[in-house]
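Step one of this worksheet: look at the structure below.
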Amino acid sequence: ITEVCGAKRVGYFGPTQFYIALKLIAAAQSGFPVRIESIKNELPLPRFMALKNDSEVHYGTPAELHGVKFQVPHATLEKNSYKRTDEGDKQEPKSPPMSPICSPPASPSTYQRIPLSYGYGKSRSGLEHQHGAPYEVRHSTHQQDGPSSGNYGAKPALASSTLNRSLSAEREQQDSSAHYSDDPWRITEEQRDYYINQFRSLQPDLNSFISGSVAKNFFTKSKLPIPELSHIWELSDVDCDGALTLPEFCAAFHLVVARKNGYQLPETLPETLLPEYLQAASLKPMRDCALFDSYSESLPGSQQTRDFSRTEKTSAEEVPDNPALLQDGKKDDKQALKVSTALKTIPKEFQHLTVKTAAQESNALKARPRSRSYSSTSIEDAMKKGEEPPTPPPRPQKSHSRASSLDLNKIFQQNTQAVRSGWLPPPPPALPPRPSVSQTEQVSEVELHPQMNRTPSQAEESSSAKKEVVLTQPPSKPARRKLRTEAQGLETPELSPTINVTSSLPAVKHHHPVQKQSSKQKRAIQTAIRKNKEANAVLARLNSELQQQLKEVHKERIALETQLEQLRPVTVL
Amino acid sequence: LLLLSVICSPQNYPLYIRSVPTENELKFHYTVHTSLDVVDEKISAMGKALVDQRELYLGLLYPTEDYKVYGYVTNSKVKFVMVVDSSNTALRDNEIRSMFRKLHNSYTDIMCNPFYNPGDRIHSRAFDNMVNSMMMQVC
């Protein structure tokens with residue numbers, strides 16, 4: 001194999017040679033002849049489990065090696081998958097040690113020991129070792145003898161068959177163990193479940209902390225020396241708050257387990273034990289992945305990252321927020337993006353997912369920013385829109401505010417008054433203080449025209465699907481004023497943004513087109529225009545007032561800061 | 001050139017000593033010990049005022065021709081003392097303050113560890129790394 005893959009010619013196993021060698025080994029194990037052409041076949045991954053285990057047995061550092069049973073199946077699975085990817089990395093450092101090994105010692109195991117001891121500079125603390133490894137090693141070495149022995153005669157450069165086998169085996173083992181050395185710090189599912197159960201025994205609420213003293217008592221039971229426990233704590237309590245969240249606890253427990261099994265504690269927390277990593281990893285398997293993906297798609301990326309970081313700091317308070325948030329999200333989803341549909345579906349699925357409340361929390365957290373943005377009330381949105389009267393793009397948002405006022409009209413006309421009534425409070429307070437809206441009407445009408453021109457296209461698009469209707473509800477609101485009947489027909493049903501996209505929407509939609517198109521469109525448009533302008537003016541005024549307040553608060557803050565600065569030097573010695 | 005960092009307990013015994021290896025280390029230890037008196041003096045001088053107003057950073061405690069000693073005390077009377085080479089004129093007060101702040105933050109992180117008993121010697125590796133980096137950076 002070594003000759004065929006070209007290593008003999010090159011003098012070492014580069015990445016390509018290694019890959020070819022592995023392919024050839026797989027071919028040989030599958031019964032194919034060892035030739036270059038065999039690589040072209042669809043081969044299963046070569047089986048190296050036994051070899052790897054054997055090497056790892058000797059690979060271990062001076063620390064005692066106890067097998068961590070749960071990791072056995074996990075690691076072996078990972079080994080094969082890792083092998084391909086990581087082989088190349090470890091090749092170069094391995095090749096120099098290979099040459100000194102040319103003189104063949106008696107057993108393959110000794111070969112493995114030698115290069116491992118000085119060849120693998122990157123090795124971390126000891127590796128885990130599968131219990132069944134030794135038996136399989138011999139078995140597989142016999143296997144390997146078959147394909148490799150045939151090539152021995154043709155390789156005078158390489159000392160012996162055992163050397164070949166051990167070389168390739170070592171390389172693979174080292175590669176796999178290089179990867180495998182990552183595994184000790186990776187928490188398997190069984191371990192995770194075990195840790196979670198332990199967490200529950202200490203703290204029934206999975207989203208809350210374990211206090212320092214409780215954790216200290218618990219980990220002291222592991223009979224590790226206090227300095228080591230102290231170090232483990234330092235590693236795992238990432239936010240240094242004296243308490244362990246669930247991912248921190250899992251990391252700490254994992255480190256305790258690893259230490260008890262003979263691994264040296266690392267200086268810094270491995271990447272796979274970071275709370276963010278564990279939190280993310282825990283969320284994925286815990287939940288329907290499709291749901292999660294759909295959920296994440298609907299969310300802006302920034303919200304997601306924010307939520308992830310927030311989920312790390314989950315506390316008990318967030319759990320009760322869950323139902324409230326979800327409901328808020330539902331109610332406030334007036335702004336109507338497809339998120340609303342996602343929101344609807346997700347809460348249902350939450351009930352199904354009882355495994356990890358953290359998952360719910362993350363969803364709730366995700367819902368929170370969303371609901372926050374939507375529940376900001378039409379006033380806030382309208383304020384923003386009020387700021388941007390001259391620019392066309394914000395107009396759709398403006399229409400939003402208008403839509404809110406327009407909703408008043410629609411409320412009396414449509415069936416779903418209960419839902420819309422939620423939006424009633426915001427607009428009325430805005431309207432009364434502004435009696436002189438009529439002056440602004442003319443100005444507003446000018447603005448309306450460009451909007452109206454724009455909205456027809458939006459309205460047309462919105463007619464296609466329910467989701468799209470919801471989506472384009474805000475932009476289509478100004479379309480209501482359009483004189484085109486089609487737009488109007490679509491507008492009125494789209495005026496129901498507050499409601500989550502329900503099946504009732506299409507039904508409502510159907511009613512309105514008929515009504516609107518037949519009824520007095522112009523009058524409705526004009527009243528709508530007027531109301532919108534009123535709302536606009538009010539909101540613009542609100543905006544300026546709030547900005548002024550902001551400035552004042554800024555001034556106060558600066559004044560306080562200067563006072564603080566003045567007070568400070570007084571106490572200096 | 002940061003020569004020595006010492007953290008002393010309220011009872012004036014050292015919890016942590018880290019120094020750049022020089023030949024006169026013992027002399028610096030002695031200097032720190034004597035400067036503890038200065039620290040106590042400063043604390044008691046401010047004792048009339050409320051504890052809140054007391055500044056944590058004590059500033060230059062004791063200048064000699066070769067080196068300067070800076071002090072910092074926490075609200076729980078844990079003292080941090082640093083000996084700095086006088087030849088390093090680039091070190092400004094702000095930098096010393098920031099170094100003390102870092103020390104204080106790391107110290108509170110150690111406190112958060114339930115396995116640490118206040119009054120023990122500090123053996124934390126993370127703390128060592130932080131102090132090392134700080135001393136190296138100054139050098």
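Every chain is numbered from 1, with letters handed out A, B, ... down the list of sequences. Keep in mind it's a predicted model, so treat the numbers as computed, not measured.
Heavy-atom neighbours of Leu26(B) CG from other residues, nucleotides or ligands within 6.0 Å: at or below the threshold of 12.
For a residue to count as touching a neighbouring chain, one of its non-hydrogen atoms must lie under 4.5 Å from one of that chain's; by this rule Asp128(B) does not touch chain A.
Screening Ile122(B), Asn117(B), Asn113(B) for a side chain to side chain contact (heavy atoms under 4.5 Å, CB included) involving Ser230(A) leaves a single residue, Asn113(B).
Between Phe115(B) and Trp233(A), the ring planes lie perpendicular to each other; the angle is over 60°, past the 30° to 60° tilted range.
For the residue pair Arg125(B) and Glu234(A), the shortest heavy atom distance occurs at N-OE1, 3.8 Å. Across Pro114(B) and Lys216(A), no two heavy atoms sit closer than the pair O-CD, 3.2 Å.
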